[in-house]
Amino acid sequence: MKKLILLTVVALMSVLLLAACGSGASKEVATTGESKEGNAEQRVSGILDTIKQRDKIVFGVKHDTKLFGLKDPATGEVAGFDIDIARQIAKEILGDENKAEFVEVTSKTRIPLLNKGDIDAIVATMTITEERKKEVDFSNVYFEAGQSLLVKKGSPVQSIEDLTKDTPVLAVKGSTSTINIRNAAPDAPVLEFENYAEAFTALKAGQGVALTTDNAILLGMASEDNSFELVGGTFTDEPYGIAVKKGNTELVDAINGVLDTLKSNGEYDAIYKKWFDLQ
């Protein structure tokens, strides 16, 4: 009888001990989960502090888009409207425009590079769209563009209405231009290229009758070769924004503050005139 009572007590103690261990393990898992979640939030919200501690801000920019971001093969330097805007952001946030660092992006690679953490912000002719807002956060609009067509002078294509199944159009992968042109001219075949340099080379080689993207980008191409011209006006609105990782409101607010300053002190107008006052 005594042995039976002893065995019963031991069994009860084992059950209680296991329950206590299980409760502690659950609590530890919950705590660990909360800690990881908290760290993730801290990493996003603390990016501005990270930038200041690092003492540089890394921008994703185009290397093939004249007037916005074009790399000089002789010097290795990148220049353009986007580059100057990025330098001013670095100057306002870190006190020195030379603390802006630039990483090449294309329309296809810019969001993946941002989400991987290779860059802090995208300043690369990026149109603000509802679809993209699901992936990134945008600053206020810093440039207003509109999609147009670039053709050889004397081309029978003079507007979007002239595009048919017999008029191949060239565009760049990952850009809103490819979506827009398919909607605006559904019969026209669309050939997509990795970047604007490849697309413009293809246009000059006769692989298509028109190249389509934002008018400001096409203006840069036309300035390189005056045998090409923009036609038909614009058929979309393309408001450019500076993109940061989703949830990074602190950096968005800082960038918006810089844009407001640039517009109020006249620096924005000076940068715009430098690149687009081509008369």
Side-chain angles (χ1 to χ4, degrees), residues 57-71 73 76 78-83 85-86 100-139 141-143 145-150 168-186 188-205 207-208 210-221 224 235-248:
I57 181 165
V58 185
F59 295 98
V61 299
K62 298 283 185 66
H63 279 199
D64 67 338
T65 309
K66 190 171 182 180
L67 303 182
F68 284 93
L70 185 67
K71 185 175 182 178
V78 188
F81 181 83
D82 282 350
I83 307 305
I85 292 293
E101 183 175 300
F102 301 113
V103 171
E104 182 182 9
V105 299
T106 66
S107 296
K108 186 173 71 171
T109 65
R110 55 195 172 188
I111 291 179
L113 288 174
L114 179 68
N115 288 333
K116 278 174 59 183
D118 292 345
I119 54 180
D120 298 316
I122 300 168
V123 192
T125 65
M126 190 170 181
T127 301
I128 299 170
T129 68
E130 292 305 314
E131 194 64 28
R132 285 174 177 166
K133 284 180 182 178
K134 297 173 185 175
E135 297 185 85
V136 300
D137 284 340
F138 281 103
S139 71
V141 176
Y142 76 97
F143 190 92
Q147 191 166 338
S148 190
L149 300 173
L150 183 71
V169 182
L170 313 180
V172 170
K173 294 177 182 178
S175 67
T176 54
S177 304
T178 56
I179 299 168
N180 294 337
I181 194 64
R182 287 189 170 109
N183 290 333
V190 178
L191 306 180
E192 296 182 58
F193 295 83
E194 292 296 327
N195 54 54
Y196 294 114
E198 287 183 14
F200 192 30
T201 299
L203 180 66
K204 289 188 278 190
Q207 293 183 39
L211 192 161
T212 188
T213 188
D214 303 340
N215 55 349
I217 298 173
L218 296 177
L219 183 62
M221 297 177 190
E224 292 179 23
F235 56 93
T236 66
D237 294 320
E238 304 294 333
Y240 293 169
I242 296 167
V244 304
K245 192 176 285 189
K246 194 73 181 167
N248 205 334

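This is a predicted model, so every value here is computed, not measured. Along the sequence shown, residues carry numbers from 1.
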(request) Mind running side chain to side chain contact (heavy atoms under 4.5 Å, CB included) on Glu104 and Val61 for me, showing each step along the way? (result) CA-CA 5 Å; Glu104 182 182 9; Val61 299; over 6 Å; no
(request) Report the C-alpha separation of Arg110 and Lys62 in whole Å, then their side-chain angles, then the decisive distance to 0.1 Å, and conclude whether the side chain to side chain contact (heavy atoms under 4.5 Å, CB included) test is met. (result) CA-CA 9 Å; Arg110 55 195 172 188; Lys62 298 283 185 66; 3.9 Å; yes
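- Residues Thr178 and Ala171 come closest through the heavy atom pair CG2-CB, 3.4 Å.
- The line from NZ of Lys245 to CD1 of Ile119 is 9.5 Å long, rounded to the nearest 0.5 Å.
- Within the 4.5 Å cutoff, side-chain heavy atoms of Leu218 are placed close to those of Leu211.
- Atom CG of residue Leu219 and atom CG of residue Leu150 lie 9.5 Å apart, to the nearest 0.5 angstrom.
- Side chains of Phe193 and Leu170 form a contact here, defined as non-hydrogen atoms less than 4.5 Å apart.
- Applying the salt bridge (charged side-chain N to carboxylate O under 4.0 Å, His left out) rule to Asp64 yields no partners; only residues at least two apart in sequence or on another chain are considered.
- Put simply, the side chain of Ile181 reaches to within 4.5 Å of the side chain of Phe235, judged on heavy atoms.
- Between the Thr109 side chain and the Val105 main chain, no donor and acceptor come within less than 3.5 Å of each other.
- One distance of note links NZ of Lys66 with CD1 of Ile217; it measures 14.0 Å at 0.5 Å rounding.
- Counting heavy atoms from C-beta on, the side chains of Ser107 and Glu194 never come closer than 4.5 Å.
- In this structure, OG1 on Thr213 lies 3.0 Å from OH on Tyr196, to the nearest 0.5 angstrom.
- Atom-to-atom distance recorded for Ser177:OG and Asp214:CG is 5.0 Å, nearest 0.5 angstrom.
- Across Ala100 and Ala86, no two heavy atoms sit closer than the pair CB-O, 4.2 Å.
- Once rounded to the nearest 0.5 Å, the distance linking CD of Gln147 with OG of Ser175 reads 7.5 Å.
- Environment of CG in Asp237: sparse, with no more than 12 heavy atoms of neighbouring residues, nucleotides or ligands closer than 6.0 Å.
- Here the options are Val103, Leu114, Leu113, Asp118, the test is side-chain contact (heavy atoms from CB on, under 4.5 Å), and the partner is Val58; only Val103 passes.
- Considering all non-hydrogen atoms of both residues, Ala216 and Leu67 come closest at O-CD1, 3.9 Å.
- Here the side chains of Val123 and Tyr240 are not in contact, with every heavy-atom distance at 4.5 Å or above.
- Aromatic ring centres of Phe143 and Phe68 lie closer together than 6.0 Å.
- Looking at residues two or more places apart in sequence or on another chain, you find no salt bridge (charged side-chain N to carboxylate O under 4.0 Å, His left out) involving Glu224.
- Residues satisfying the side chain to side chain contact (heavy atoms under 4.5 Å, CB included) criterion with Glu131, sequence neighbours excluded, are Thr129, Lys134.
- Between Val141 and Ile128 there is a side-chain heavy-atom pair separated by less than 4.5 Å.
- The nearest pair of heavy atoms linking Ile242 to Ala121 is CG2-CB, 4.1 Å.
- Pro239 is listed as a side-chain neighbour of Thr127, based on a closest heavy-atom distance under 4.5 Å.
- In this structure, the side chains of Val136 and Lys246 stay at 4.5 Å or more apart for every pair of heavy atoms.
- Checked against Glu192 for a salt bridge (Lys or Arg N to Asp or Glu O under 4.0 Å), the options Lys108, Lys173, Arg182 give a single hit: Arg182.
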(request) Please test Phe102 against Ile83 for side chain to side chain contact (heavy atoms under 4.5 Å, CB included), starting from the C-alpha separation and ending with a verdict. (result) CA-CA 8 Å; Phe102 301 113; Ile83 307 305; 3.6 Å; yes
(request) Start with the C-alpha gap between Glu135 and Arg132, add the side-chain angles, then the distance that decides, and say whether salt bridge (Lys or Arg N to Asp or Glu O under 4.0 Å) holds. (result) CA-CA 5 Å; Glu135 297 185 85; Arg132 285 174 177 166; over 6 Å; no
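- Considering Thr125, Asn215, Asn180 in turn, Asn180 is the only one that fulfils the side chain to side chain donor-acceptor pair (under 3.5 Å) rule with Glu238.
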